[in-house]
Structures are given as C-alpha cells and as structure tokens.
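Below is one structure, written out as structure tokens; the observations come after it.
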Number of protein chains: 2
Amino acid sequence: MTNSDLAAGKRARLVAAACQMVHEQGVENTTLADIAQAAGVPLGNVYYYFKTKNDIVRAVVETHLDEANAMLAAIEAGHATPGERLKAVFAGLSEQTELIARYGCPTGSLCAELDKRADGPGITADLLRVPVDWAAAQFEAMGRSDGRDLAVELIARYQGTALLANTFRDPGLMEREAARVAAWIDSI
Amino acid sequence: MTNSDLAAGKRARLVAAACQMVHEQGVENTTLADIAQAAGVPLGNVYYYFKTKNDIVRAVVETHLDEANAMLAAIEAGHATPGERLKAVFAGLSEQTELIARYGCPTGSLCAELDKRADGPGITADLLRVPVDWAAAQFEAMGRSDGRDLAVELIARYQGTALLANTFRDPGLMEREAARVAAWIDSI
DNA sequence: GTCTATAGCCAGATAGAC
DNA sequence: GTCTATCTGGCTATAGAC
C-alpha cells in the first residue's frame, strides 16, 4: 500500500464520516471537529485534504450523486421491465425506513438545506435530476408520452413521504406508501 | 395606543421578520442580528421579548401553525364540497410559485431543518399533522375509507413537488403538478 | 421598557514544528 | 504528510445605564 493509498483512505474516511454526520445533524450543525473525530483524523489534518468546509460539503454531494448513479445502474441490470425497475427504485430509496424516519432522506434533506444558499442549485440539482430523468425514461419506455410528469410525481411522492415519515418519526408511513406506489405503477 | 400595544407590535414585527428570514436563510443561518435589523429593533432589545433564539423559532412555528389553521378554516367556509376544498388547499399551498421555487415551502423546509434536532418532532409535527388530518377528513367525507392514505399522498405530493421546484428553481414545475393533482382529485 | 457595550464561547481556518 | 497550538471573527447572551 503506497502513501497515496493511505491518503486516499483517509480522505475517503473523512467523506464517509461527513456523509453520516451531515445526514444526522445537517450541514450547519456539523463541525469539522465532528467529522474529524468520527473519521479518527486530527482536526488540523482535515485541511490537508479539503481547503474549506464547503469543499467537504461538495464532496458529500458528489458521493451521493455517485451512489445514485450506481444504484440506478444496478437496478437496470437486475430488472428487465421498466415497471419492475420503477418499483425497485422506490423500494430501494425507501429501504431504510428507520433511518429515514429519524433523519429524513439523505439527499432530500441535503437539497433542502443547501437550497437556501445562493449556490444551492448548481450543487444539488443533479441529485434530484438524475433520478427524475431516469424515471422519465422508464415511463417513456412503457409507452407514456407524459413520462416526465409521471417521473416528477414519483420522485416528489417519495421525497414528500420521507419528509412526513421524518416529521412524524413514523417508519410505517414510508412502508405503506411504498406499497401504494407499487400498486400505482402496476396500474399504469 | 397603550404601552402593551406597542410592545405587542414590536413582538409581532420580530416574529414576522423571523418568519421571513428563516424561510429565506434557514434557522441556523439566520442570526438574531438579522431578525432585529429586519424588524427595525435594536439587537439587545430582542431579549426583552424572547429569552433565547430557540424561543423565537418556537414562535415562528406557532405562527405557521396558526396560519395553516386559518387557511383551512377559510377554505372550508368558501367551498361547499370536499373535492373543491381539497383542490383549493393544494392550489393555496402552491400559490406563490416564485417564492417556493426560490426558498421552498415555508413549513416544509422548516420541518426538514428542525427534524435533525432531538426536539424536532415535538415542535413541528403539528405543522404537517394539521393539513394531513384535515385532508383525511375531506376524503372520508367523499366516502373513502382510505382517506388517511389519500391525505398522506396529497400532502407528500405537495411537499415533494415543492422540494423539486426549489432544487430546480422551476416555478412551472409546481404549477403543472397543481393542475395534475386537481385532475386526480376530480377522478376520485 | 429601551438600548449600548461587551462578555463568553465556539467554529473555521492557519502557522509552523516534526 | 501529519498534527498541535492558536488566531480570528462572529454569534448568543448578559450587564447595566437610561
């Protein structure tokens, strides 16, 4: 293992810790000391890997983006029909109901927080554009000319349900909505 | 005008300023100095009306709650059938599309931010429970035994669409979804 | 009740030894 | 590349004159 491997490992640990802390506490309430401690890295060393706190936040956003793309690719590989794929994506997003009920959707709550800032859209828009575009393509493959509207409806329904489940601290709400969405997709 | 009237006026100005600043910047990024300046009140004087910043946040939440109740009461008075009322509530919530596209739904983004904190649910749950309960009652009045599920779907759809419209900075997205929801309600 | 000045704290960022 | 010590600024909250 080379030095750059070690460096990459530390950087990766910092980003992973940042993802978790930001999900649990939000961007503003998460300090660099929090992230450094969670990653087992001394505070001062953080600045060797990231110039500013904002750089870490950008890395978190990009990590979520990569994970979203990976998840959609895996679903596309594992399911043959567009309907199965759409049900799989909602089920996959809704998977960790306890975590969503406690801290909200990781990407949704991140978008909500960063959207207050002037540079929000440039950073976060892709986080929601990627699943919406993907779902639109699936609906269109089912022969629907209003695929984009249906995609917006699907993702909005997931994000809204995650907010309700989080605010009510009710994981069952997310589960029930996942079942109802599956029935809706089957009816299309 | 008595002294307590003046005091109430000042307090009301502070709360109104806090509502706006919190909507635009979020809770964490809004300082007491921001609120005081927007209300035209010296910083030190804020503490005569509110012991802590958290007390102001609580006042903001209660203001939103009062406004939600007032809005629902007005809709109930102005529309005869449950279907008309449900369409009116979604239309009312979606009204200021430009503001939503820039800063998100005032109550939704507030819930998302406060939900990260341990005391979140106790404070914000009513903000979403009130419209959900109200919508459930309307759907049940239409003879639907699954009124609660439909109410969750309706509010989730609004909140999720607001998040998408905000992230994409696209007011038109909110407008289009309002029309689609109206059609959906008509079909029930 | 009102307002100025400031205390106290904490977070982001940096300097510089190793 | 790593880490300790520290600087700097801004924010909540308070003290105390008026």
Side-chain angles (χ1 to χ4, degrees), chain A residues 1-61 110 113-114 116-120 123, chain B residues 1-61 110 113-114 116-120 123:
Chain A
M1 186 181 268
T2 69
N3 279 349
S4 62
D5 282 339
L6 279 168
K10 236 175 196 180
R11 202 195 123 101
R13 282 215 315 281
L14 282 167
V15 174
C19 282
Q20 188 184 346
M21 301 299 295
V22 163
H23 183 208
E24 294 178 3
Q25 303 185 331
V27 174
E28 293 304 324
N29 279 319
T30 297
T31 69
L32 293 175
D34 287 338
I35 296 170
Q37 190 179 19
V41 172
L43 174 57
N45 202 355
V46 172
Y47 286 91
Y48 176 75
Y49 297 97
F50 301 96
K51 255 207 248 298
T52 66
K53 181 179 177 181
N54 235 313
D55 284 348
I56 301 189
V57 173
R58 267 189 284 269
V60 168
V61 171
L110 186 57
E113 192 173 1
L114 294 181
K116 301 282 182 190
R117 313 195 333 196
D119 63 345
I123 305 182
Chain B
M1 187 182 268
T2 69
N3 279 349
S4 62
D5 281 340
L6 279 168
K10 237 175 193 179
R11 204 195 121 99
R13 281 215 315 281
L14 282 166
V15 173
C19 283
Q20 188 184 346
M21 301 298 294
V22 164
H23 183 209
E24 294 178 3
Q25 302 187 330
V27 173
E28 292 303 325
N29 279 320
T30 297
T31 68
L32 293 175
D34 287 338
I35 296 170
Q37 190 179 17
V41 172
L43 174 58
N45 201 357
V46 171
Y47 286 89
Y48 177 74
Y49 297 97
F50 301 96
K51 253 208 249 300
T52 67
K53 182 180 177 180
N54 234 311
D55 284 349
I56 301 188
V57 174
R58 267 189 285 271
V60 168
V61 171
L110 186 57
E113 192 173 2
L114 294 181
K116 300 283 183 191
R117 313 195 335 195
D119 63 345
I123 305 183

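Chain A is the first sequence line, chain B the second, and so forth, proteins listed ahead of strands; every chain is numbered from 1. Since we're looking at a predicted model, the values are computed, not measured.
Straight-line distance from the CG atom of A:Leu14 to the P atom of D:dT2: 10 Å, rounded to whole Å. Distance, A:Tyr47 OH to C:dA15 C1': 13 Å, rounded to whole Å. Computed from coordinates, the A:Leu43 CG to C:dA11 P distance equals 10 Å when rounded to whole Å. Atom NZ in B:Lys53 sits roughly 12 Å away from atom C1' in D:dG10 (whole-Å rounding). As a whole-Å value, the separation of B:Leu32 CG from C:dA5 P is 19 Å. Taking atom NZ on B:Lys51 and atom P on D:dT14, their separation rounds to 9 Å, with Å as the unit. Counting to the nearest Å, the C1' atom of D:dC3 and the NZ atom of A:Lys10 are 9 Å from each other. Here D:dG1 presents its P atom at 3 Å from OH of A:Tyr48, a figure rounded to the nearest Å.
Looking only at side-chain heavy atoms (C-beta outward), B:Thr31 and B:Lys53 stay at 4.5 Å or farther from each other. Under the 4.5 Å side-chain criterion, counting only non-hydrogen atoms from C-beta, B:Asp55 is not in contact with B:Tyr47. A:Phe50 is listed as a side-chain neighbour of A:Val15, based on a closest heavy-atom distance under 4.5 Å.
Between B:Glu28 and A:Lys116, none of the side-chain N atoms (NZ, or NE/NH1/NH2) sits under 4.0 Å from a carboxylate O, so this pair counts as no salt bridge.
Residue A:Pro42 has its side chain nearest to D:dT4 when only C:dT4, C:dG12, D:dT4 are considered. The B:Asn45 side chain lies nearest to C:dC3 when the options are D:dC3, C:dG12, C:dC3.
Side-chain nitrogen and oxygen atoms of B:Tyr49 include at least one within less than 4.0 Å of the OP1 or OP2 phosphate oxygen of C:dT2.
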